[in-house]
Amino acid sequence: MGDIRLPRHMFLWCLSAIYLFAFASLYVQIPGLYGNEGLLPARWHLRVSGKSLVEQLKDSPTLLWFGPRLGLDTQQCMELLSLTGALLSLMTLALPPLRDCRVFLVLWILYLSLYQVGQVFLYFQWDNLLLETGFLAILVAPMKMPWSSKVCLHDNVTFWLVRWLLFRLMFASGVVKLTSRCPTWWGLTALTYHYETQCIPTQLAWFAHQLPVWFQKLSVVGTYVIEMAVPFLFFSPIRRHRLAAFYMQVLLQVLIILSGNYNFFNILTITLCLSLLDDQHVNFWLRRPTLKTERTSLQTLFSGMAVMLEVSVYALLGYWTVQYFDLKVDWEKKSVSSKTAFTYFEFNGFLKNVTVPSIWIGVLSLAWEIITAMFKCACVRGVLWRLWSTTQWAVMAAAAVSMFAISLVPYTYFEYDANSKLWPGIRTAFEVTDRYQLVNSYGLFRRMTGVGGRPEVVIEGSMDRNTWTEIEFMYKPGNMSAAPPVVAPHQPRLDWQMWFAALGPQTQSPWFSSLLHRLLQGKRDVVKLIQTDESQYPFSKQPPVYLRAHRYKYWFSEPKADGSYPQRWWRRVYVEEFYPIVHLGDSYLEQMLVQHGLKDKAPLKRSSNAWLPRLLRYVGEHAHEMPPHLLLWTLFSSAATVCLLNSLRSRAHHRQHESLQNQHTDKQASGRTCFNVAEKNEKKHEEEEEKEEVIKDDAEKDGKEQEKDATSEEEQEKEKEGEIEEEVSAEETEEDSLRKRK
């Protein structure tokens, strides 16, 4: 893996948004679900037993034990924790300095405190996944306050745990579909039922349901490949393998988001997929220039070999897909036929051969990240900084190894032999930490429900036992003409439990008796779970005297013969009575409440008039007026806007800083050029002066030479004159001598 500073930043930002969705979505439902007059009051799970605070925290690790010390009851304390988590995650989403490991520790503790008393309405796999991811975020997030460090040498080690969690989630989700022996998954026909039988489908699910059967079966094959085969590419040393795996995983999650309302689960899975990226690819998204280095001949050779290996892996993956699912193209019908070409026992043999090697792949991958980080720490300059980096590396490496070891227990649940061979110390550590939801087992859509039709419970109320009126929920199917809604990332937890209740008898859903009891009492908080706008509730003015529940089977309507769309989205058929006619004081209803421990004999305490309870009541009254999904998107949009403005401001400041630096460098360059010009002029002037001096010297030399020549010429002339005079005198002497002789 290369540098992961930008993917880590994106991971923490997305997790802050998911925490915001989770806390805000739960906050608006607390009064109806866990309030003093709700379906399952949380105060029943926190009864005073005379134990010390430490013992109470050991029994149930939740901050709700501190509620009485603040003058709050259990409902108000849950609202305070949810509000605190929502506000803190909102600030973390908007302000980068708050994305600190200690802030994520607080968020994790807050959600864990709510989870401990959440009971059946909070026991979903995505709640466990959020707690496990939130704990990993404590290890991944930097410590920014009071100082900040842009790069930590152990980041790759802790961020690897997110990739391992993604591998466990996806691989287990694919495996459990086949180990469950569900005939629809083995027959590749699961998606022909999935779109109409999922809890809260979207409008696009209706259109997806109309696709041909061969395409639905081929989609199941693609799901198996993405969930069971592609996850092994998460640990590939070839970078393009990890990027391809990232895009395939995101494609699957986006398709699920478009066809179903699964709250924040799919967004959280996409957030986990960010662990497959690096800074280079994120910079490619942002169109930022990257430094390109020239490759040597050896690097070019290795790159070519990597491309060949990459293509061979894709070819092998395609070959196995064709072989094990017997894919055949029918050109006449323009379709692709598919079927499962292996047996259940062959698949179990495959699991035995793959589970242990997958663990060793994780061991080698984690060891590589740890050793690489160790060498980086050894290269740090300065003795103290090297010691500090090495200490951080040792602590985080030990934490990563511990988390990996503990996660092997739930990971190997689907393969008994591998699970039984684990070291007993790992099992002990898992049992100790299990209550904190540090690691969990996963397996989504294990069996396809509603094969013979989507079961749905419809509650009806009456004032005279003759005229019955259906009580329509905001989100779950009921009215056949109502279009399926889009409510993600909000999770209407009562609507989800109504979907589970319809799958079996009412005795398997004890809370259903409490629901009818509260509706007969006309409890406003419970009514708001069904309809936020009380004018849409048929008994808003006066609660019903009688209630009953029937089970129906729903199907998506089909297009008309001429291809036009039908007027209704659903069609239904009556099946049976789900709950008999009851009224307040009814013996059967009272018996069910007492049998399941839903009859509270202790009288309610009066709410305190202190400033904190009054503030919580004031906030709750205004927050419940808006539909929950609109409230969530409003909070997210406001935080995202602040984050965008901060990024634009920082970018403008960065550009201004760059322009000032450029101006400064230009000034320095211009000063240097002026100085260079002056130096050049001085040099030219000196050269000219030197030339003039040389010329003067030459002229003086020439003058001296001329003078010398002139003097020499004069001397020569004088010598010539002397010689002439001497010659004349000689001639005269000779003449005188001749005269004398004569």
Side-chain angles (χ1 to χ4, degrees), residues 166-167 169-195 208 211-256 259 273 276 305-355 357-358 361 414-415 443-446 448:
L166 176 65
F167 173 80
L169 172 67
M170 301 310 300
F171 186 68
S173 297
V175 167
V176 297
K177 292 177 174 60
L178 295 176
T179 55
S180 65
R181 295 190 178 187
C182 177
T184 60
W185 285 115
W186 278 92
L188 307 181
T189 59
L191 290 184
T192 59
Y193 307 102
H194 165 73
Y195 295 113
L211 294 173
V213 176
W214 69 266
F215 186 83
Q216 307 277 24
K217 298 176 70 174
L218 189 63
S219 299
V220 175
V221 174
T223 302
Y224 283 144
V225 173
I226 292 176
E227 290 185 344
M228 287 192 291
V230 173
F232 286 94
L233 299 181
F234 297 170
F235 308 106
S236 173
I238 300 176
R239 176 173 172 270
R240 285 187 293 268
H241 275 162
R242 299 192 297 271
L243 295 180
F246 167 80
Y247 284 109
M248 283 189 276
Q249 297 297 329
V250 171
L251 174 63
L252 176 62
Q253 300 305 319
V254 169
L255 292 176
I256 296 175
S259 61
C273 293
L276 303 175
M305 295 175 61
V307 171
M308 295 176 60
L309 180 60
E310 179 185 2
V311 173
S312 62
V313 168
Y314 294 145
L316 190 62
L317 193 61
Y319 173 76
W320 283 344
T321 303
V322 173
Q323 287 294 114
Y324 287 107
F325 293 100
D326 195 17
L327 300 182
K328 295 179 182 179
V329 179
D330 190 343
W331 298 104
E332 295 182 357
K333 297 181 180 179
K334 296 181 180 180
S335 63
V336 179
S337 63
S338 57
K339 65 178 181 180
T340 306
F342 54 89
T343 63
Y344 175 78
F345 298 102
E346 290 175 344
F347 181 72
N348 275 341
F350 163 78
L351 283 182
K352 291 182 180 179
N353 295 329
V354 165
T355 304
S358 67
I361 290 174
F414 54 77
E415 214 290 295
L444 300 171
F445 305 109
R446 185 185 303 269
M448 191 54 58

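Numbers for residues simply follow the sequence, beginning at 1.
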Test log, rule side-chain contact (heavy atoms from CB on, under 4.5 Å), inputs Trp320 and Phe325: CA-CA 8 Å; Trp320 283 344; Phe325 293 100; over 6 Å; no
To the nearest 0.5 Å, atom CG of Leu233 lies from atom CG of Leu317 at 7.0 Å
With ring pair (Phe, Tyr, Trp, His ring centres under 6.0 Å) as the criterion, how do Phe234 and His241 come out once you've worked through the C-alpha distance, each side chain's angles and the decisive distance to 0.1 Å? CA-CA 7 Å; Phe234 297 170; His241 275 162; over 10 Å; no
Compare every heavy atom of Phe246 with every heavy atom of Cys273, then report the nearest pair and how far apart it is. O-CD1, 3.2 Å
Counting neighbours of CZ on Phe215 that are heavy atoms of other residues, nucleotides or ligands and sit closer than 6.0 Å, is the number greater than 12? no
Steps toward side-chain contact (heavy atoms from CB on, under 4.5 Å) verdict (Leu188, Tyr224): CA-CA 10 Å; Leu188 307 181; Tyr224 283 144; 3.7 Å; yes
Give, for atom OG of Ser358 and atom CG of Asn353, the distance between the pair rounded to the nearest 0.5 Å. 11.5 Å
Within this structure, what is the CG-OG distance for the pair Leu327 and Ser338, rounded to the nearest 0.5 Å? 6.0 Å
When you look at Asn348 and Tyr344, which way does the side-chain contact (heavy atoms from CB on, under 4.5 Å) test go after all the steps? CA-CA 6 Å; Asn348 275 341; Tyr344 175 78; 3.1 Å; yes
Provide the closest heavy-atom pair for Asp326 versus Lys339 in the form atom of the first, atom of the second, distance. OD2-CE, 2.8 Å
Lys328 side chain to Ser337 backbone, donor-acceptor under 3.5 Å: no
Would you mind telling me which of Leu169, Val176, Leu252, Val175 makes a side chain to side chain contact (heavy atoms under 4.5 Å, CB included) with Glu227? Leu252
Applying side-chain contact (heavy atoms from CB on, under 4.5 Å), run through Ile226 and Gln249 and close with a yes or a no. CA-CA 7 Å; Ile226 292 176; Gln249 297 297 329; 3.5 Å; yes
Any donor-acceptor pair under 3.5 Å linking the side chain of Thr355 with the backbone of Glu415? no
I'd like to know if the side chain of Arg242 and the backbone of Ser236 have a donor-acceptor N/O pair within less than 3.5 Å. yes
Does some side-chain heavy atom of Thr189 sit less than 4.5 Å from a side-chain heavy atom of Gln216? no
Say whether, by atom type as modelled, one donor and one acceptor occur between the side chain of Trp186 and the main chain of Leu178 under 3.5 angstrom. yes
Closest contact, heavy atoms only, Lys334 versus Trp214: O-CZ2, 3.7 Å
Is any side-chain heavy atom of Leu351 closer than 4.5 Å to a side-chain heavy atom of Thr179? yes
Distance, nearest 0.5 Å, that separates OG1 of Thr223 from CZ of Phe445: 10.0 Å
Tell me if the OH atom of Tyr324 is crowded by more than 12 foreign heavy atoms within 6.0 Å. no
Enter the distance from Leu309:CG to Tyr314:OH here, rounded to the nearest 0.5 Å. 10.0 Å
What heavy-atom pair brings Lys217 and Gly187 nearest, and what distance separates the two atoms? CE-O, 3.7 Å
Between Val221 and Thr321, is any pair of side-chain heavy atoms under 4.5 Å apart? yes
Note, Leu276 side chain near Leu166 side chain (heavy atom, < 4.5 Å): yes
Would the Phe342 and Phe350 ring centres measure less than 6.0 Å apart? no
Determine whether Leu211 and Tyr195 make a side-chain contact, defined as any pair of heavy atoms from C-beta on separated by less than 4.5 Å. no
What's the shortest heavy-atom distance between Met448 and Trp185, and which atoms? CE-CZ2, 3.7 Å
Distance from Glu346 atom CD to Thr340 atom OG1, nearest 0.5 Å? 11.5 Å
